[in-house]
Protein chains: 2
Amino acid sequence: MKKTTLKDIAKALNVSVSTVSKALHDIPEISEETRILIQNYAKEKNYRPNYNALSLKNKRTKSIGVIIPNMLNYFYMQVLQGIEKEAASHGYRIMTCISNESYQKEVEIIDMLSTGSIDGFLLAISKETEENGEFSHFTDSVKFGFPIVMFDRVSEHVECDKIITDDLNASADAVSNLVKQGCKRIAFVSPLKNLSIGRLRFEGYKKGLEQNNIAFDSSLVINTNEVNYKNYDTMIRPLFDHKIDGIISTNESSALSAMEIAKENGYNIPEDLAVISFANGLLARNSNPRLTCVSQHGEIMGAVAAKKLIEKLETKDDAKSYSTEYIETDIVVRDSTR
Amino acid sequence: MKKTTLKDIAKALNVSVSTVSKALHDIPEISEETRILIQNYAKEKNYRPNYNALSLKNKRTKSIGVIIPNMLNYFYMQVLQGIEKEAASHGYRIMTCISNESYQKEVEIIDMLSTGSIDGFLLAISKETEENGEFSHFTDSVKFGFPIVMFDRVSEHVECDKIITDDLNASADAVSNLVKQGCKRIAFVSPLKNLSIGRLRFEGYKKGLEQNNIAFDSSLVINTNEVNYKNYDTMIRPLFDHKIDGIISTNESSALSAMEIAKENGYNIPEDLAVISFANGLLARNSNPRLTCVSQHGEIMGAVAAKKLIEKLETKDDAKSYSTEYIETDIVVRDSTR
DNA sequence: TATCTTTTAAGGTGGTTTTTTTCATGAAAA
DNA sequence: TTTTCATGAAAAAAACCACCTTAAAAGATA
């Protein structure tokens with residue numbers, strides 16, 4: 001069996017293709033009799049217009065390219081879920097690609113999709129790209145008429161819409177939260193030094209200290225780049241020589257590592273040491289004790305990003321105004337804080 | 001700026017469209033001089049043939065529709081990653097959709113993509129569909145020329161290729177593994193009763209007991225449907241009235257719950273109670289103690305499924321032979337077993 | 001004139017849209 | 001009463017989207 005086309009219907013009913021097309025669109029110049037006849041036959045044969053033909057004619061695909069650095073990441077999956085739902089509700093499909101944190105792959109993906117397959121991009125920049133600072137594939141894409149909305153990992157060097165977590169204030173709030181519990185020596189643990197989010201969270205940490213009149217002490221800071229998973233332990237262990245009573249970590253795994261080491265050293269959590277982590281994912285919910293987290297609302301971020309892009313696509317105003325939207329964060333209190 | 005088309009190049013170089021097309025395809029009837037001229041210009045303008053036009057002409061899109069029941073699932077993300085990589089390596093794109101475990105959504109997705117947007121489907125059946133046993137949307141899809149390769153959650157009522165975990169033997173192996181450690185009263189905990197994988201794992205559990213000459217005791221079995229996350233605790237607690245010394249669980253969360261309850265009741269893990277869980281995900285790696293798991297190799301499953309579908313698509317033999325492939329499992333030993 | 005190279009033109013993919021054609025009806029003119 | 005012509009509805013044809021393929025035509029050379 002094969003798909004029914006307009007031509008098939010036309011031939012079967014002995015009318016012209018254009019008559020069929022018009023009848024199916026309820027255009028009044030087709031007589032009711034003919035229209036009903038055609039519509040019934042089309043329904044019976046389960047006719048669906050060919051998407052490629054439509055895309056060709058309309059110069060729009062109603063598809064969105066999504067580039068995600070890494071699929072094995074709970075936050076990005078939440079974002080993706082948000083994107084998918086929002087897109088589907090507007091009749092858009094998404095093409096999901098993984099850059100695998102690689103600049104080269106990112107370039108290839110954009111190249112591959114910039115062939116009339118999609119109308120625009122939703123993406124988070126790969127680590128490699130953020131580190132080497134080469135963004136021309138993005139700017140070119142925008143120039144060639146493929147709007148981009150960046151989420152989470154963005155760059156100030158690309159003119160486009162951006163949806164990000166308000167990491168700076170989230171981080172400062174986390175500090176304040178710990179201070180309220182009586183913490184005075186708050187450590188900062190981050191393996192995301194080179195990422196924009198890593199920088200912002202570090203800035204927020206410093207801002208939070210300042211707001212609470214606590215002196216910044218660099219010996220309480222571990223700010224580095226992604227390391228081998230196994231190394232968290234040796235990386236974090238020295239912190240405990242400095243009588244810390246609070247930790248803010250930028251990812252779940254390092255928070256868990258820290259908690260393990262703390263327990264080993266006889267700390268009670270949260271009594272002796274309070275821990276707040278970024279990235280409210282699976283681990284935080286199931287750790288022991290369960291982690292208090294900065295929740296970043298990935299699904300909302302995805303939905304907002306998709307909505308923004310679709311808005312851009314549906315209104316063809318060439319007014320090139322770009323905005324950056326902040327997604328609010330919450331602190332989800334669990335058992336690692338008092 | 002807009003995308004360059006063949007026509008644009010032809011006009012710019014004052015030749016005909018077909019000359020350009022031939023030149024770009026290195027067809028020998030075009031003079032070298034002309035060819036070089038055209039190829040250089042095309043490269044300069046970053047010409048890419050329009051995918052929609054190609055798809056229309058070739059009646060194939062080199063795109064694969066992927067339907068995943070649930071994105072916030074580590075295993076499926078591994079599968080998706082495997083699919084994406086394998087597809088990309090063959091020049092295929094994937095369109096990812098989430099059925100959200102809903103039959104209706106599944107139907108809509110298939111309907112939406114069966115319009116010349118994709119060449120075939122890779123999918124895992126949603127819970128609702130598996131429960132209500134309505135598979136006509138799948139069989140219709142196959143009939144209309146969209147091959148399906150199912151992974152993980154499959155149905156014997158649909159004739160198509162299938163890639164599944166060898167859940168039955170994996171489960172039996174897990175039993176044997178526990179028995180070797182001296183376990184005699186092995187409990188089975190599953191919230192996946194209505195899914196094919198749930199049934200197979202239960203069968204495997206019984207087979208494993210039989211192989212090891214242990215009598216089946218239904219009071220050691222909790223086999224139910226997905227329940228509210230919070231209910232694991234009350235569901236599992238009664239098990240501990242039966243002097244169990246081993247647990248096989250079909251998902252991570254219930255294993256974690258069981259371990260918590262065990263610790264509460266004074267059990268030492270793994271000395272007094274050994275635990276093996278299916279679904280080697282994030283939680284297993286980060287729990288305390290870390291979970292020994294049946295590893296299902298999601299990425300391999302995804303890659304194998306994608307490869308199989310692409311093979312089917314590229315060889316247009318109408319020999320309708322379908323096969324079911326089993327992905328081997330490993331037991332990844334961590335700290336919850338001896 | 002025959003042969004070879006290069007270019008042009010046509011046709012097809014599935015759909016939408018604009019333009020033309022067809023045909024019936026009715027009014028005006030013969 | 002018959003012929004002519006305008007009117008308008010209904011349907012068909014044709015153009016277009018971007019690309020590919022192939023047959024035909026043109027041009028150049030021997």
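Keep in mind it's a predicted model, so treat the numbers as computed, not measured. Letters A, B, ... mirror the listed sequences (proteins, then strands); counts begin at 1.
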Please give, in whole Å, the distance from [N] [atom2] to [X] [atom1]?
X: I38(A); N: dA10(D); atom1: CD1; atom2: P; answer: 13 Å
X: N50(B); N: dT13(C); atom1: CG; atom2: C1'; answer: 13 Å
X: E32(B); N: dT5(C); atom1: CD; atom2: C1'; answer: 14 Å
X: N58(A); N: dC16(D); atom1: CG; atom2: P; answer: 17 Å
X: I27(B); N: dC20(D); atom1: CD1; atom2: P; answer: 10 Å
X: L37(B); N: dT6(C); atom1: CG; atom2: C1'; answer: 14 Å
X: K11(A); N: dA13(D); atom1: NZ; atom2: C1'; answer: 17 Å
X: K3(B); N: dC17(D); atom1: NZ; atom2: P; answer: 17 Å

Quick one: which of [options] gets closest to the side chain of [X]?
X: Y47(B); options: dC20(D), dT8(C), dA12(D); value: dC20(D)
X: L6(A); options: dC19(D), dA12(D), dT16(C); value: dT16(C)
X: I30(A); options: dT7(C), dG15(C), dA11(D); value: dA11(D)
X: K57(A); options: dG14(C), dT22(D), dC19(D); value: dG14(C)
X: L56(A); options: dA10(D), dG14(C), dT7(C); value: dG14(C)
X: E29(B); options: dG15(C), dC20(D), dT6(C); value: dT6(C)

If we ignore hydrogens and angles and just use 3.5 Å, is the side chain of [X] paired with the main-chain N or O of [Y] as donor and acceptor?
X: E130(A); Y: S196(A); result: yes
X: T34(B); Y: I30(B); result: no
X: N58(A); Y: R60(A); result: no

Polar contact flag, side-chain donor to acceptor under 3.5 angstrom, S323(B)-K308(B):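 The criterion, which ignores hydrogens and geometry beyond distance, is satisfied for K308(B) and S323(B).
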
Assign [X] to base, sugar-phosphate, or nothing according to its heavy-atom contacts below 4.0 angstrom with the strands shown.
X: V17(B); value: nothing
X: Y51(A); value: nothing
X: T34(B); value: sugar-phosphate
X: R48(A); value: sugar-phosphate
X: L54(A); value: sugar-phosphate
X: T5(A); value: sugar-phosphate
X: S18(A); value: base

OP1 or OP2 of [N] under 4.0 Å from side-chain N/O of [X]:
X: T19(A); N: dA11(D); answer: no
X: S21(A); N: dT16(C); answer: yes
X: K59(A); N: dA18(D); answer: yes
X: K7(B); N: dC16(D); answer: no

Upstream residue (5' side of DNA chain C) when T4(A) and V15(B) are each assigned their closest nucleotide: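 That would be V15(B).
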
Under-3.5 Å donor-acceptor pair between K22(B) side chain and dT6(C) base: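 Per atom types, no contact qualifies.
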
Ion pair check, D26(A) and R35(A), cut-off under 4.0 Å: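 Salt bridge: yes.
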
Of I300(B), V154(B), V149(B), T324(B), the residue whose pairing with I163(B) passes side chain to side chain contact (heavy atoms under 4.5 Å, CB included):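 So the option named by the test is V149(B).
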
Sole candidate of I125(B), T129(B), N70(B) that passes side chain to side chain contact (heavy atoms under 4.5 Å, CB included) when paired with E101(B):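 For E101(B), the side chain to side chain contact (heavy atoms under 4.5 Å, CB included) check succeeds only for N70(B).
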
Bending between helix ends of the helix from dT1(C)-dA30(D) to dA30(C)-dT1(D) [5 pairs per end, 10° resolution]: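 Roughly 100° between the end axes, to the nearest 10°.
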
Pairwise salt bridge (Lys or Arg N to Asp or Glu O under 4.0 Å) hits with a residue in residues 71-98 of chain B, at least two apart: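 Every pair satisfying salt bridge (Lys or Arg N to Asp or Glu O under 4.0 Å) with a residue in residues 71-98 of chain B: K105(A)-E84(B), K85(B)-E299(B).
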
F144(B) six-ring face occupied by K3(A) cation (under 6.0 Å, within 45°):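 Because its charged atom sits under 6.0 Å from the ring centre and within 45° of the axis, K3(A) does stack over F144(B).
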
